[in-house]
**Student:** 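Following this message is one structure expressed as structure tokens.
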Amino acid sequence: MTSPSHTTPTVSAPTFSRPRVWAWPVAILLGFPIGGYIANLVAGPVDSVGAALAGGLIAGAVIGAAQWLALRRVVPWIWIAATSLAMAAGLTLGAALVNYGIGRVDLMLMGAVTGIVVGGLQALVLARQGISDAPWWAIANPPAWALAWLVSSYVISANIDDRFTNFGASGCVLYALLTGVLLEVMFRRTQAQALKP
């Protein structure tokens, strides 16, 4: 007769599963144009507080959902709500600040203000999940949004008077590149810290 083996259960070290590198650019390239298009259809051009608020909520929800699908391994669904609310607040403030102007400087300033609010709330979500260097997300988003609007202003110059809620696909390429590199650095650092004994 053998005695039962008593073993102490092993506790595994916490792990961090990075999202796939390609998921973020795909989410950006789909989420921004689709979100902006739906917002423009429903809320109309961003030429008043109401249109900016409604358009920001709608576009932000679509963009946030696309981003969350890419980042769902590391962020909770609250990312969607944070993005939607932040985009509504940021777009409303930014558009009013430039008096609903559509000049390149106006669009860049509106984008920077939107990026401050969106980046700030998203950085809070990242920080609550223990993502390393989350404050850099808040710092990087305003210039990324402004530069994305600058690029888009050259491409969509023929229909810029449609007063979209967000930059178009051309700006998305730059935004996805800038923010994608930053996310990858943040996630690698977080993963390295999770592996430390």
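Small disclaimer: the values here were computed from a predicted structure and weren't measured. The analysis underlying the following values was restricted to heavy atoms, covering all of them including side chains, and did not include hydrogens, waters or symmetry mates.
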**Student:** Taking Ile116 as the starting point, is it possible to reach Tyr175 by hopping between hydrophobic residues whose side chains are less than 4.5 Å apart?
**Tutor:**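 As far as the 4.5 Å side-chain criterion goes, Ile116 and Tyr175 are not connected within one cluster.
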**Student:** Give me the atom names and distance for the closest heavy-atom approach of Ala86 to Leu121.
**Tutor:** CB-CD1, 3.5 Å
**Student:** Could you give the distance from CD1 (Ile80) to CG (Leu85), rounded to the nearest 0.5 Å?
**Tutor:**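 Rounded to the nearest 0.5 Å, the CD1-CG separation comes to 12.0 Å.
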**Student:** Let me have the donor-acceptor pairs involving side chains of residues 22-44, under 3.5 Å, with sequence neighbours excluded, atom names and distances please.
**Tutor:**
from	atom 1	to	atom 2	distance (Å)
Trp24	NE1	Thr179	OG1	2.9
Asn40	ND2	Asp162	O	3.3

**Student:** Taking only residues two or more places apart in sequence, or in another chain, which ones meet Glu184 in a side chain to side chain donor-acceptor pair (under 3.5 Å)?
**Tutor:**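 Only Arg18, Arg188 meet the side chain to side chain donor-acceptor pair (under 3.5 Å) criterion with Glu184.
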**Student:** Got a list of side-chain donor-acceptor pairs under 3.5 Å for residues 60-67, not counting sequence neighbours?
**Tutor:**
from	atom 1	to	atom 2	distance (Å)
Gln67	OE1	Trp79	NE1	3.1
Gln67	OE1	Gln122	NE2	2.9

**Student:** Ignoring hydrogens, what is the shortest heavy-atom contact between Gly90 and Val117? Give both atom names and the distance.
**Tutor:**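 Shortest heavy-atom contact: CA-CG2, 3.8 Å.
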**Student:** What's the separation between atom CG in Leu182 and atom CD1 in Ile139, rounded to the nearest 0.5 Å?
**Tutor:**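 The distance works out to 9.5 Å.
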**Student:** If Ile, Leu, Val, Met, Phe, Trp and Tyr residues are connected whenever their side-chain heavy atoms lie under 4.5 Å apart, and connections chain through other members, are Leu91 and Ile58 in the same group?
**Tutor:**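 Cluster IDs for Leu91 and Ile58 differ.
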**Student:** Apply the test side-chain contact (heavy atoms from CB on, under 4.5 Å) to residues Ile131 and Met186: give CA-CA distance (whole Å), side-chain angles for both, the deciding distance (0.1 Å), then the verdict.
**Tutor:** CA-CA 7 Å; Ile131 304 300; Met186 291 165 57; 3.8 Å; yes
**Student:** Ignoring hydrogens and angles, write down the donor-acceptor pairs under 3.5 Å from the side chains of residues 145-152, residues two or more places apart or on other chains.
**Tutor:**
from	atom 1	to	atom 2	distance (Å)
Trp145	NE1	Asn141	OD1	3.2
Ser152	OG	Ala148	O	3.3
Ser152	OG	Gly168	N	3.0
Ser152	OG	Ser170	OG	3.3
Ser152	OG	Gly171	N	3.2

**Student:** Report the C-alpha separation of Met87 and Asn166 in whole Å, then their side-chain angles, then the decisive distance to 0.1 Å, and conclude whether the side-chain contact (heavy atoms from CB on, under 4.5 Å) test is met.
**Tutor:** CA-CA 9 Å; Met87 187 156 171; Asn166 53 271; 3.7 Å; yes
**Student:** Taking all heavy atoms of Pro142 and all of Ala138, pick out the closest pair and write down the distance.
**Tutor:** CD-O, 3.1 Å
**Student:** Show me the donor-acceptor pairs within less than 3.5 Å that the side chains of residues 99-110 make with the rest of the protein, sequence neighbours left out.
**Tutor:**
from	atom 1	to	atom 2	distance (Å)
Tyr100	OH	Val49	N	3.2
Arg104	NE	Ser153	OG	3.0
Arg104	NH2	Ser153	O	3.4
Asp106	OD2	Gly103	N	3.3

**Student:** Are the side chains of Gln129 and Thr190 in touch, meaning some heavy atoms are under 4.5 Å apart?
**Tutor:** no
**Student:** My understanding is that a hydrophobic cluster links ILVMFWY residues whose side chain heavy atoms are under 4.5 Å apart, including indirect links. Using that, what else belongs to the cluster containing Leu177?
**Tutor:**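 When side chains under 4.5 Å apart are linked, the cluster holding Leu177 also contains Val181.
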**Student:** Any non-hydrogen side-chain atom of Leu71 less than 4.5 Å from a side-chain atom of Phe187?
**Tutor:**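 Counting from C-beta outward, Leu71 and Phe187 do come under 4.5 Å.
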**Student:** Find out if a path of hydrophobic residues (ILVMFWY) with successive side-chain heavy-atom gaps under 4.5 Å connects Trp136 to Leu126.
**Tutor:**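 Cluster IDs for Trp136 and Leu126 match.
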**Student:** Rounded to the nearest 0.5 Å, how far apart are CG of Leu174 and CZ of Phe167?
**Tutor:** 8.5 Å
**Student:** Would you say Val74 and Trp137 are hydrophobically clustered, going by side-chain heavy atoms of ILVMFWY under 4.5 Å?
**Tutor:**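 Yes; Trp137 is reachable from Val74 via cluster members.
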**Student:** For Gly56 versus Thr165, what's the shortest heavy-atom pair and its separation?
**Tutor:**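 It is N-CG2, 4.4 Å.
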